[in-house]
Amino acid sequence: MLRHSVLLKACTPCRWASTIIKPWYITTPIFYPNAVPHIGHLYSLVTADIFARYHALKNPLRPVSFVTGTDEHGLKIQKAALNKGLPPKEFCDAISLQFRKLAHEADVNFTRFIRTSEEAHYTSVEHVWRQLDKLGLIYKGSYSGWYSITDECFYTDSQIVHIAEEGHTPARTVSKETGATVEYSSEINYMFRLSQFREALLEHYSSDPESVVPLAHHAHLVSILQSPLEDISISRPRSRLSWGIPVPNDPDHTVYVWFDALISYLTAIGYPWPNSGVSQGWPVDMQIIGKDIVRFHTVYLPAVLLALKLPLQRQILAHAHWTSSQKKMSKSLGNTTDPFQAIKEFGIDSVRYYLAKVGGRFQDDVDWSHVQVTKHDKELQAVLGNLYMRITSPAIASRMAPECSASDREPFIPLLEASKALPSVLSNYMDKVNVADALEAIMDVLRLANKCLTDAAPWKSSPEVARASYDSCLESLRVSGICLQPFMPRVAGKLLDALGVSPAERSWINGQVGSIGDVVAGVRLFPAVSK
Ligand code: MSP
């Protein structure tokens with residue numbers, strides 16, 4: 001559905017000329033394949049997929065580029081591979097495949113899966129490095145400070161704390177923000193002149209309050225950009241870090257994993273662009289990231305983009321985290337939820353429903369609870385599955401009149417109005433980056449349909465009332481099915497198939513005008529899953 005032709009033909013007096021439409025470009029972070037994916041990773045993938053599908057649905061002529069992938073270099077991977085006794089590339093091959101498999105099982109329709117170990121990415125990173133070097137923005141300096149392998153991040157003295165623990169001498173030193181262990185290092189590194197970009201960044205963010213959402217992240221960013229930015233280290237000595245991209249012309253140094261990783265968003269759409277630097281895909285329209293990696297995406301990457309004279313990302317959505325019994329779900333704490341297991345147990349539609357409905361406001365951390373997923377799964381089946389089953393039941397079909405009067409239809413007017421308004425209500429929420437309420441708006445229409453149906457009781461009312469109920473409820477199911485496609489593409493597809501809505505009549509404009517075909521009763525919308 002997301003793969004459209006990039007070229008549209010436009011007629012000119014003498015020949016066909018090609019007009020290139022820039023794809024709508026969305027990314028997830030590229031994931032560390034040091035361990036198998038957990039539910040937090042699935043959340044980033046599903047969130048991006050919802051926006052990608054929504055944009056494809058609304059603008060069927062505009063292609064969508066949707067990039068995800070794995071971030072394979074760095075000390076964290078080097079260490080994990082060593083622990084398993086495997087060469088890093090071989091180690092990454094297996095786990096990278098798990099992320100790809102998860103995306104497939106979750107109906108995440110990416111268009112490009114990038115791995116930073118790809119040759120094309122080496123070329124891209126080397127190109128960026130050389131450009132920045134040519135501009136005098138890279139210099140060799142001595143770096144002393146703290147490094148966390150878990151976070152793959154440098155910290156200054158003010159960002160760490162020494163904690164005394166019983167039985168541990170000397171005291172452990174950790175990052176104040178993440179609690180991850182840090183180690184002191186003093187080494188010769190290549191530095192990037194980040195400090196030169198503070199004013200330009202501040203100007204950019206101050207002029208566009210929606211460039212980073214939710215708002216609190218934007219406010220924080222603007223506040224940190226009031227103070228000077230320090231230059232950052234962008235390499236590690238090869239003696240410490242061998243698994244990475246060698247610094248061009250200096251193989252004793254390896255490119256810092258974050259510098260390498262952030263450039264993947266450019267590599268994935270063909271950077272360095274052929275034909276004298278013209279890109280068909282940049283800038284990225286929306287980047288989905290977790291709240292722990294905001295600085296990398298809102299300060300470091302944009303500074304590099306400014307240096308390269310490339311436009312900045314249009315919007316960054318920094319989501320909150322999933323917790324498990326109120327504790328951050330993470331590989332190192334060992335309290336993660338296996339997304340494959342969740343899909344097996346509840347089916348992908350219910351898992352996507354829970355992620356989007358509970359996590360779709362993005363502001364506060366939310367808890368993954370088995371009891372709550374079960375509750376949401378039941379709710380979805382009761383509201384959507386039940387409505388379809390009730391209205392297509394033989395009890396109504398067998399007694400329905402071929403036509404009915406305006407007065408028979410009257411009780412259903414609020415339902416038909418709510419159905420007609422649904423696409424624009426949903427768009428308003430999506431424009432405000434509020435997936436949870438967009439989804440809730442669809443559920444509200446379906447709830448209203450269930451209520452109207454119960455009130456009208458067409459299985460025992462007149463054949464005309466049965467007709468009015470049937471037409472009105474099917475219309476609300478048709479519109480809801482179209483609107484549900486970005487959120488739960490699988491069940492939405494099954495529903496629209498069952499209603500006989502042709503694939504050509506499933507786009508956004510059909511939310512207003514469209515028709516159903518031969519309705520099939522008794523289709524199982526939700527799979528019988530292992531509960
Ligand atoms: N490799 C870097 C990203 C580089 S992007 C150029 C990275 N990888 S990660 O695997 O550690 O995390 C990937 C994403 O998953 C991040 O956005 C992170 O916030 C998100 N999550 C990790 N744990 C999470 C939860 N418990 N809940 C929600 N998202 C979580 O960082």
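It should be emphasised that the depicted structure is a prediction, and the values quoted were computed from it without experimental measurement. In this chain, residues are counted from 1 in sequence order. For ligands, and for the atoms within them, numbers begin at 1 and follow the listed sequence.
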Open item on the list: Looking at Lys22 and Asp285, is there a salt bridge between them, counting it only when a charged N and a carboxylate O are closer than 4.0 Å?
Closed with: yes

Task: Atoms in ligand 1 flagged as close to Ala261, the criterion being non-hydrogen separation under 4.0 Å - done: 6 (C)

TODO: Would you mind listing which atoms of ligand 1 come within a distance below 4.0 Å of any non-hydrogen atom of Gly290?
DONE: 17 (O), 19 (O)

Task: Ion pair check, Lys357 and Glu379, cut-off under 4.0 Å - done: yes

Task: Cationic N near anionic O, under 4.0 Å, Arg238 to Asp252 - done: no

Task: atom 16 (C) of ligand 1 [closest protein heavy-atom partner, distance rounded to 0.1 Å] - done: Ile293 CD1, 3.8 Å

Task: Heavy-atom side-chain contact between Arg295 and Ile224 under 4.5 Å - done: yes

Task: Note: Asp71-Arg115 ion pair, threshold 4.0 Å (strictly below) - done: no

Open item on the list: Under 4.0 Å from a heavy atom of Asp292: which atoms of ligand 1 are those, numbered in the order shown and with their elements?
Closed with: 18 (C), 19 (O)

- [ ] Could you tell me whether Lys76 and Asp151 have a side-chain N and a carboxylate O separated by less than 4.0 Å?
- [x] no

- [ ] State plainly whether the residues Arg314 and Asp208 are in salt-bridge range, i.e. N to O under 4.0 Å.
- [x] no

Task: Ser44 N/O under 3.5 Å from ligand 1 N/O - done: no

Task: Nearest-neighbour protein heavy atom for atom 30 (C) of ligand 1, which is reported as residue plus atom name and distance - done: His321 CD2, 3.6 Å

Open item on the list: Check contact between Phe296 and ligand 1, using heavy atoms of the residue and a distance below 4.0 angstrom.
Closed with: no

Open item on the list: Using side-chain heavy atoms (C-beta onward) and a distance below 4.5 Å, is Tyr190 in contact with Trp129?
Closed with: yes

TODO: Please indicate whether any nitrogen or oxygen in Met329 is less than 3.5 Å from any nitrogen or oxygen in ligand 1.
DONE: yes

Task: Ring centers of Tyr139, Phe192 separated by less than 6.0 Å - done: no

Open item on the list: Return the closest protein heavy atom for atom 23 (N) of ligand 1 as residue, atom name and distance.
Closed with: His38 CE1, 3.3 Å

Open item on the list: For atom 9 (S) of ligand 1, what's the nearest protein heavy-atom neighbour? Residue, atom name and distance, please.
Closed with: Tyr32 CD1, 3.7 Å

TODO: Measure the distance from atom 6 (C) of ligand 1 to every protein heavy atom, then report the residue, atom name and distance (to 0.1 Å) of the closest one.
DONE: Tyr265 OH, 3.4 Å

TODO: Consider every N or O of Asp71 and every N or O of ligand 1, then say whether any pair is closer than 3.5 Å.
DONE: yes

Task: Which residue and heavy atom of the protein sit nearest atom 29 (N) of ligand 1, plus the separation - done: His319 CE1, 3.4 Å

Task: Protein heavy atom at shortest distance from atom 15 (O) of ligand 1 - done: His41 CD2, 3.4 Å

Open item on the list: Counting non-hydrogen protein atoms only, what is the nearest one to atom 27 (N) of ligand 1? Give residue, atom name and distance.
Closed with: Trp322 N, 2.8 Å

Open item on the list: Between the side chains of Lys101 and Glu105, is the shortest nitrogen-to-carboxylate-oxygen separation below 4.0 Å, so that they form an ion pair?
Closed with: yes

